[in-house]
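See structure below.
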2 protein chains.
Amino acid sequence: MNFYSIAMTKEIDTGESPTVSNVMARIRQHIFEGIYAPGQRLIEKDVVEEYGIGRGRAREVLKSLVGEGYLEFEENRGVRVRRLTRQGAIDIGRVREVIEGLAARLAAERTFTDEERSTLANIQAEMDRATEERDAETFAHANRRFHDLIVEVADNSVLTKQLEILRVPIFRIQFQQSFTTASMGERNKDHQRITQALLDGDADAAEAAMRDHVRRGNARLVEFADRLFG
Amino acid sequence: MNFYSIAMTKEIDTGESPTVSNVMARIRQHIFEGIYAPGQRLIEKDVVEEYGIGRGRAREVLKSLVGEGYLEFEENRGVRVRRLTRQGAIDIGRVREVIEGLAARLAAERTFTDEERSTLANIQAEMDRATEERDAETFAHANRRFHDLIVEVADNSVLTKQLEILRVPIFRIQFQQSFTTASMGERNKDHQRITQALLDGDADAAEAAMRDHVRRGNARLVEFADRLFG
DNA sequence: TCGGACTAAATTGTCAACAATCACGTAGGA
DNA sequence: TCCTACGTGATTGTTGACAATTTAGTCCGA
C-alpha cells in the first residue's frame with residue numbers, strides 16, 4: 001500500500017453519484033496535495049457541487065474526516081483543514097519517531113523477498129546518485145518511496161493508518177523543505193544505515209537508525225517552520 | 001486527563017437536545033464499558049431514541065465514530081462496534097508497545113512536581129500491597145491509574161488520543177484477564193522498574209521497561225484470547 | 001425435508017425545505 | 001471619527017418524508 005496514492009481511485013464519470021468512500025479519498029488526496037490548505041474552510045455547498053453528492057452525504061463525509069483527523073470542526077462554523085501549531089508539530093514529531101522506528105523494526109524482522117531486497121537496493125542507489133549530483137527533486141521522490149516501502153513491508157495495518165494521518169499535516173512543510181540540499185548528505189547517511197540494518201535483518205539497529213533519522217528530521221522541521229512563521 | 005472518564009460529562013436533563021460531542025462521548029463510554037459489545041450493530045433508530053437526537057445528527061455522530069475507529073461501517077448495513085481479529089490484536093499490540101514506551105520516556109524527561117512524585121509513589125505502594133495480598137481488583141484499579149498518570153504526565157495530545165483508541169478494543173479482554181492473579185507478581189515487578197526509572201528521570205530505562213512490560217502483556221493477551229476463542 | 005421465490009417489516013440512503021446562526025457591511029448618533 | 005445597532009446574505013443545523021436495500025419469515029413445489 002502506498003499512502004501517496006490514497007485517492008487514486010478512478011473517476012466515476014457516468015453521472016452516477018460517487019460513493020462516499022470515493023469522495024473521502026479524493027478530499028484526503030486534496031488535503032495531502034495542499035489543494036486544500038491548512039486552515040481553509042470547506043463549505044458544504046462547494047463540496048456538494050465539487051463532488052456531485054447531496055448535502056446530507058457531504059456532511060457525513062466531512063464528519064468522518066473530522067474523526068480521522070484530517071479536518072477540524074467548529075459548531076455552527078463547519079469544518080476546515082486541520083491546522084498545525086508549533087506544539088502540535090512537536091507532539092506529532094515525537095509520536096512519528098517511534099512509529100516510523102517500529103516500522104523499520106517490523107520490516108527488519110520479516111524475511112525479505114528477493115524482489116523486496118532489490119527494490120530497496122535500487123532506491124538506495126538512486127538516493128546515493130541523487131545525493132552525489134545534488135538532485136533534490138529525485139532525492140525527495142526516492143525518499144518517499146523508501147519510507148513507503150518500509151511501511152509496506154512492515155505489514156501492520158494499524159501502523160500504516162496512524163502514520164498516514166501523522167504525515168498529513170507536515171507533508172507540505174517537508175515538501176518545501178526538501179528542496180534544501182543542505183541536509184541531503186546527512187539524510188542519505190541515515191538512509192544508508194537503515195538500509196544496511198534492514199538487509200542484515202537487524203531489527204534493533206533498524207529501529208534505532210530510523211528513530212535517529214526521524215528525530216533529526218523533526219528538529220530541522222521545527223527550525224524551518226520557525227523561520228517561516230516566526 | 002483520564003481516559004476512563006471520557007463520557008463523564010453531566011446529563012443535560014432539560015429536554016434540550018444533547019450536544020453532538022456529548023452523545024459521542026457517551027457512546028464511546030458505552031463501547032469502552034462493553035455495554036455495546038464488539039460486533040454489535042448500532043441501529044440508527046435506537047441511537048435516536050436512546051440519546052434524544054434527530055436521525056441526521058445520529059448518522060453524523062456514528063460516521064464520526066467510524067472515523068475515530070470505534071465503529072465499523074458497511075454500506076446499506078449501518079455501523080457496528082469494531083471487532084477484533086487475532087491479527088488485529090497483534091498489530092495493535094505492537095503499536096501500543098512503542099506508544100506506551102514513548103509515554104514513559106516523555107514522562108521521565110519531564111521534571112515531576114512534588115505532587116506527581118507522591119501520587120506515583122502512592123499508586124506503586126498500593127500495587128505492592130495488592131500484589132502481596134493477591135487482591136486482583138485493587139491491583140487492576142491501581143494499574144489503570146498508573147498507566148493513566150504516565151500518559152497524563154507525558155503531556156502529548158497526539159499520543160493521548162492515539163493510545164485511547166488503541167486501548168478500546170482490548171480493554172474488555174484485559175479486564176476479564178485482570179482477575180487472573182497468576183501474572184500479578186511479574187506485572188508488579190515491571191511496574192516497580194518503571195516507577196524507579198520515572199523517579200530517577202532515566203528516560204531510556206523508563207521507555208525500555210515500559211516496552212518490555214507492554215510486550216509481555218500483549219503475549220498474555222493473545223494467549224488468553226486464543227484460549228477464549230480458539 | 002430442502003430450497004427457491006415471494007412478501008412484509010425493518011433499516012439505511014437520499015433529498016428538499018425550513019430554521020438558526022454567523023459574517024459583514026451600512027447607517028445613524030454621540 | 002468611532003461605535004453601536006441593525007439588516008442582509010451566506011452558511012450551517014434540523015427535520016420529515018420518501019426511496020432503496022436488506023432482513024426475516026412464509027409459502028409452495030420438487
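Computed from heavy atoms alone, side chains included, the values below leave out hydrogens, waters and symmetry copies. By convention in this document, chain letters (A, B, ...) are assigned in the order of the sequence lines, proteins followed by strands, and residues within each chain are numbered from 1.
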For this session: Round to a whole Å and report the spacing from CD of A:E75 to C1' of D:dT11.
Result: 14 Å
Exercise. What is the distance, rounded to the nearest whole Å, between atom CD of B:E60 and atom C1' of D:dT15?
Worked result: 12 Å
For this session: Rounded to the nearest angstrom, tell me the gap between atom CZ in A:R59 and atom P in C:dT14.
Result: 16 Å
Exercise. For A:E74 and D:dT11, what is the distance between atoms CD and P respectively, to the nearest whole Å?
Worked result: 16 Å
Exercise. Between D:dT12 and A:R41, is there an OP1 or OP2 to side-chain N/O distance shorter than 4.0 Å?
Worked result: yes
Problem set entry | Closest-nucleotide ordering on DNA chain C, the 5'-leading residue of B:K45 and A:G56 | B:K45
Exercise. Got a donor-acceptor contact below 3.5 angstrom from the B:D91 side chain to the A:N156 backbone?
Worked result: no
Problem set entry | Test item: B:R41 side-chain N/O and B:R80 main-chain N/O as donor-acceptor pair under 3.5 Å | no
Problem set entry | Any A:R77 side-chain N or O less than 4.0 Å from OP1/OP2 of C:dA23 | yes
Problem set entry | Value in whole Å for how far the P atom of D:dT22 lies from CD of B:E44 | 15 Å
For this session: Quickly work out the B:I53 CD1 to D:dG13 C1' distance and round it to whole Å.
Result: 13 Å
For this session: Determine the interplanar angle of the B:H191 and B:H147 rings, folded into 0 to 90°, and report it as parallel if under 30°, tilted if 30 to 60°, perpendicular if over 60°.
Result: perpendicular
Exercise. How would you label the contact of A:R55 with the nucleic acid (heavy atoms, under 4.0 Å): base, sugar-phosphate, or nothing?
Worked result: base
Exercise. If only side-chain N and O atoms of B:R57 are considered, is one of them under 4.0 Å from the OP1 or OP2 phosphate oxygen of D:dT14?
Worked result: yes
Exercise. Roughly, in whole Å, what's the span from CG in A:N76 to P in C:dT21?
Worked result: 7 Å
Exercise. Whole Å only: how far is the CZ atom of B:R80 from the P atom of C:dT12?
Worked result: 11 Å
For this session: Would you indicate what B:G78 reaches in the nucleic acid, counting non-hydrogen atoms under 4.0 angstrom: base, sugar-phosphate, or nothing?
Result: sugar-phosphate
Problem set entry | Flag, side chain of B:R59 to backbone of A:E60, donor-acceptor distance under 3.5 Å | no
Exercise. Short question: side chain of A:R96, backbone of A:L166 - any donor-acceptor pair under 3.5 Å?
Worked result: no
